[in-house]
Amino acid sequence: KIKSFSIKDNNADIFISDIEVNIEEINNHLQKINGTTAYINFKDGNIKKKIILNDVLGEAIFYSLLPSILIAEELNIDINKAIFDIEGAERTKGRMRILNGIFNSNIIDDTHNYSQNALQNGINLIKNIKMKSKKIFVIGDMLELGDYTKREHEKAGKDIATVTDILITSGIRSKILGESAINSGMNKENVF
């Protein structure tokens with residue numbers, strides 16, 4: 001028996017729709033990111049279940065959650081119970097986890113062995129979050145890129161320059177990223 005899951009294809013047996021970042025208005029100047037909400041859709045039976053993940057952002061988490069839901073369905077485990085357990089599970093550290101910072105700041109921890117694709121997903125996610133407050137990127141080196149090291153750090157700097165107010169880099173490779181952000185129009189005084 002073959003079952004499929006997707007975050008893009010609504011012809012799969014189970015798929016995600018309506019992924020949204022939850023943002024709470026604290027006051028006129030302050031907003032708080034409260035996780036991700038989405039709907040799990042089942043092709044057979046037209047069932048649609050809401051899932052709320054208070055401690056993680058983005059769509060990547062669903063690549064691991066959807067197979068769990070499919071397995072629960074195959075084993076006749078109550079889907080509501082499975083979703084409840086997933087919502088309460090501890091997330092992997094360093095994978096788009098939301099942490100509470102000082103002064104009601106939001107920290108999105110995506111530090112676990114990041115790659116070009118993971119960084120681009122993070123940049124796109126942050127770009128699409130509409131917030132009143134400043135966005136600050138703190139970024140280190142991307143490793144194991146070989147001949148592509150300079151090119152990929154330059155590309156990342158160019159992309160980050162369009163979504164952040166302040167950029168802090170750490171490492172000899174990420175210095176290239178900071179220089180690229182400045183060359184792409186980011187204010188030099190906001191790059192550290």
Side-chain angles (χ1 to χ4, degrees), residues 7 16-40 50-66 83-143 152-153 155-171 173-175 177-178 180-182 184-192:
I7 63 168
I16 288 293
S17 65
D18 307 307
I19 299 173
E20 290 185 11
V21 173
N22 301 325
I23 298 176
E24 176 187 357
E25 294 281 335
I26 304 296
N27 59 42
N28 288 339
H29 306 288
L30 183 64
Q31 297 168 303
K32 195 79 172 157
I33 298 174
N34 287 331
T36 303
T37 301
Y39 286 92
I40 300 170
K50 186 174 187 177
I51 186 165
I52 302 169
L53 305 172
N54 292 324
D55 57 351
V56 68
L57 286 180
E59 62 185 31
I61 187 74
F62 295 106
Y63 285 112
S64 60
L65 298 183
L66 288 177
I83 291 171
F84 178 79
D85 289 346
I86 288 170
E87 288 174 335
E90 186 175 335
R91 307 286 170 239
T92 304
K93 292 179 181 174
R95 295 286 190 205
M96 296 304 283
R97 285 188 59 198
I98 302 169
L99 306 173
N100 293 317
I102 61 171
F103 304 114
N104 290 311
S105 62
N106 300 286
I107 298 170
I108 302 168
D109 175 14
D110 195 34
T111 57
H112 182 77
N113 277 350
Y114 81 97
S115 65
Q116 307 97 303
N117 288 341
L119 178 58
Q120 193 59 54
N121 287 338
I123 292 168
N124 291 339
L125 178 69
I126 299 303
K127 185 178 192 173
N128 292 319
I129 295 176
K130 305 299 180 212
M131 295 190 75
K132 299 172 189 171
S133 56
K134 288 185 178 179
K135 295 176 183 177
I136 302 169
F137 265 71
V138 179
I139 193 161
D141 292 341
M142 284 186 282
L143 303 176
E152 290 301 323
H153 282 84
K155 181 182 180 310
K158 182 179 179 181
D159 292 341
I160 287 172
T162 66
V163 299
T164 190
D165 299 294
I166 297 172
L167 173 61
I168 302 168
T169 66
S170 176
R173 294 166 194 87
S174 66
K175 184 177 181 186
L177 190 150
S180 176
I182 293 167
S184 298
M186 191 165 179
N187 185 335
K188 185 177 183 176
E189 301 204 1
N190 291 337
V191 179
F192 301 90

For this session: Using the side chain to side chain contact (heavy atoms under 4.5 Å, CB included) rule, pick out the option among Ile108, Asn100, Asn54, Ile107 that qualifies with Ile33.
Result: Ile108
Problem set entry | Glu189, CD: over 12 other non-hydrogen atoms inside 6.0 angstrom | no
For this session: May I ask you to check whether over 12 heavy atoms, not counting those of Lys32, lie within 6.0 Å of atom NZ?
Result: yes
Do [X] and [Y] have side chains that approach each other closer than 4.5 Å (heavy atoms only, starting at C-beta)?
X	Y	result
Leu125	Val21	yes
Arg173	Glu152	no
Leu119	Ile139	yes

Atom of [X], atom of [Y] and distance for their closest heavy-atom approach:
X	Y	result
Lys50	Glu87	O-OE2, 4.0 Å
Ile86	Arg91	O-NH2, 2.9 Å
Ile19	Ala38	CG1-CB, 3.9 Å
Gly58	Ile61	O-CG2, 3.7 Å
Ala156	Met142	CB-CE, 4.2 Å

For the atom pair [atom1] ([X]) and [atom2] ([Y]), what is the distance rounded to the nearest 0.5 Å?
X	Y	atom1	atom2	answer
Lys175	Asp141	NZ	CG	12.0 Å
Tyr39	Ile16	OH	CD1	11.5 Å
Lys134	Asn190	NZ	CG	7.0 Å
Leu66	Ile40	CG	CD1	6.0 Å
Leu57	Ile126	CG	CD1	6.5 Å
Asp55	Glu90	CG	CD	8.5 Å

In residues 161-168, what donor-acceptor pairs under 3.5 Å come from side-chain atoms, sequence neighbours left out?
residue, atom, partner, partner atom, Å
Thr162, OG1, Asp159, O, 2.7
Thr164, OG1, Lys135, O, 2.7
Thr164, OG1, Phe137, N, 3.3
Thr164, OG1, Ile166, N, 3.4
Thr164, OG1, Ile166, O, 2.7
Asp165, OD2, Lys135, N, 2.7

Exercise. Is there a donor-acceptor pair closer than 3.5 Å between any side-chain N or O of Thr36 and the backbone N or O of Val56?
Worked result: yes
For this session: With sequence neighbours left out, write down each residue that passes salt bridge (Lys or Arg N to Asp or Glu O under 4.0 Å) with Glu59, or none if nothing qualifies.
Result: Lys8
For this session: Begin with the C-alpha distance, continue with both residues' side-chain angles, and end with the deciding distance and a verdict on side chain to side chain contact (heavy atoms under 4.5 Å, CB included) for Leu53 and Phe62.
Result: CA-CA 10 Å; Leu53 305 172; Phe62 295 106; 3.9 Å; yes
